[in-house]
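Reckoned from all heavy atoms, side chains included, excluding hydrogens, waters and symmetry mates. Here the structure is a predicted model, which means the values were calculated and not measured.
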Amino acid sequence: MSAPRRLLLVNGPNLNLLGTRQPEIYGTATLADVERIAGEAAAETDFEVRSIQSNHEGVLIDAIHEARMDCAGIVINPGGLTHTSVALRDALTGVALPFAEIHISDVNAREEFRRFSYLHDVATVRVIGEGVAGYRSAVRQLTALIA
């Protein structure tokens, strides 16, 4: 049986507001644009993407658990959960899939509390501050490691 050629794309709280929420920080691209960018990058190496966005931590954790059944990796922008969620970290390490942590803005150049990530030391790939183009970069880096 061959490995699945699918990635789970996870976008956390408030990312449904992309395009309208603080465009001076996050730009004007929408969540639909992000999903398209990730899907196109995955298709370059014959991967597909299943996307989820939720403002509810448990929904994201359930999706991560389900990914172990049919995904080869995860690309995640955990939003504000980056700085608060041990449970999200435990879910990602628990499923033992390689994952890319992405942040649209340069979190290291923002408020002090945004500089800490519960995922930084367990992520296979980290892409920070490249805008929504960072999703393309994260997918490409992750699929290169998986393939």
Next on the checklist: Determine whether H103 and N77 satisfy the following criterion, side chain to side chain contact (heavy atoms under 4.5 Å, CB included), listing intermediate values before the conclusion.
Outcome noted: CA-CA 6 Å; H103 299 283; N77 183 337; 4.0 Å; yes
Checklist entry - Are the side chain of N55 and the backbone N or O of N14 linked by a donor-acceptor pair below 3.5 Å? => result yes
Next on the checklist: Within this structure, what is the CG-OG distance for the pair D62 and S54, rounded to the nearest 0.5 Å?
Outcome noted: 9.5 Å
Next on the checklist: side chain to side chain contact (heavy atoms under 4.5 Å, CB included) for V122 and L92? Distances and angles first, verdict last.
Outcome noted: CA-CA 9 Å; V122 292; L92 288 160; 5.8 Å; no
Checklist entry - Is there a donor-acceptor pair under 3.5 Å between the side chain of R6 and the backbone N or O of D70? => result yes
Item to check | For the student: nearest non-hydrogen atoms of Y26 and R110, plus distance | outcome: OH-NH1, 3.0 Å
Checklist entry - Hey, are R5 and D46 close enough for a salt bridge, meaning a charged N less than 4.0 Å from a carboxylate O? => result no
Item to check | Any donor-acceptor N/O pair, D90 side chain to A87 backbone, under 3.5 Å | outcome: no
Checklist outcome for this item: d(L88 CG, E57 CD) to nearest 0.5 Å is 6.5 Å
Next on the checklist: Tell me the closest heavy-atom pair linking A91 and I64, and the distance in Å.
Outcome noted: O-CG2, 3.7 Å
Checklist entry - For the side chain of R136 and the backbone of A133, is there at least one donor-acceptor N/O pair under 3.5 Å apart? => result no
Item to check | F99 backbone acceptor or donor facing T124 side chain under 3.5 Å | outcome: yes
Next on the checklist: Count I, L, V, M, F, W, Y as connected when their side-chain heavy atoms are under 4.5 Å apart, and connections chain through other members. Are V10 and L15 then in the same cluster?
Outcome noted: no
Checklist outcome for this item: One should read off an interatomic distance between R50 CZ and I74 CD1, to the nearest 0.5 angstrom, of 9.5 Å
Next on the checklist: Do L81 and F116 sit in one hydrophobic cluster, given that two such residues count as connected whenever their side-chain heavy atoms are within less than 4.5 Å of each other, even indirectly?
Outcome noted: no
Item to check | Shortest non-hydrogen contact from E130 toward S137 | outcome: OE1-CB, 3.4 Å
Checklist entry - Are the side chain of Q53 and the backbone N or O of G12 linked by a donor-acceptor pair below 3.5 Å? => result yes
Next on the checklist: Looking at R115 and N108, would you say the former's side chain and the latter's main chain have a donor-acceptor pair under 3.5 Å?
Outcome noted: yes
Next on the checklist: Return the CD to OG distance between E24 and S105, rounded to the nearest 0.5 Å.
Outcome noted: 11.0 Å
Item to check | Straight-line distance of R36 CZ to E40 CD, nearest 0.5 Å | outcome: 5.0 Å
Checklist entry - Do V34 and V139 share a hydrophobic cluster, counting only Ile, Leu, Val, Met, Phe, Trp and Tyr and linking them when any side-chain heavy atoms are less than 4.5 Å apart? => result yes
Checklist entry - Mind checking whether F113 and H83 have parallel, tilted or perpendicular rings, split at 30° and 60°? => result perpendicular
Item to check | Single-linkage hydrophobic cluster V59~L97, side-chain heavy atoms < 4.5 angstrom | outcome: yes
Checklist entry - Between I146 and A72, what is the shortest heavy-atom contact and its length? => result CD1-O, 3.4 Å
Checklist entry - So which heavy atom on L18 is nearest to which on I104, and how close? => result CD2-CD1, 3.7 Å
Item to check | Evaluation steps, side chain to side chain contact (heavy atoms under 4.5 Å, CB included), between V107 and T82 | outcome: CA-CA 10 Å; V107 292; T82 304; over 6 Å; no
Item to check | Distance in Å, R140 CZ paired with E44 CD, rounded so as to fall on 0.5 Å steps | outcome: 4.0 Å
Checklist entry - Closest heavy-atom contact between P78 and I102? => result CD-O, 4.0 Å
Item to check | Partner of L8 by side chain to side chain contact (heavy atoms under 4.5 Å, CB included), out of I52, L60, V95, V49 | outcome: I52
Item to check | Linked, directly or transitively: Y118 and I61 (ILVMFWY side chains, under 4.5 Å) | outcome: no
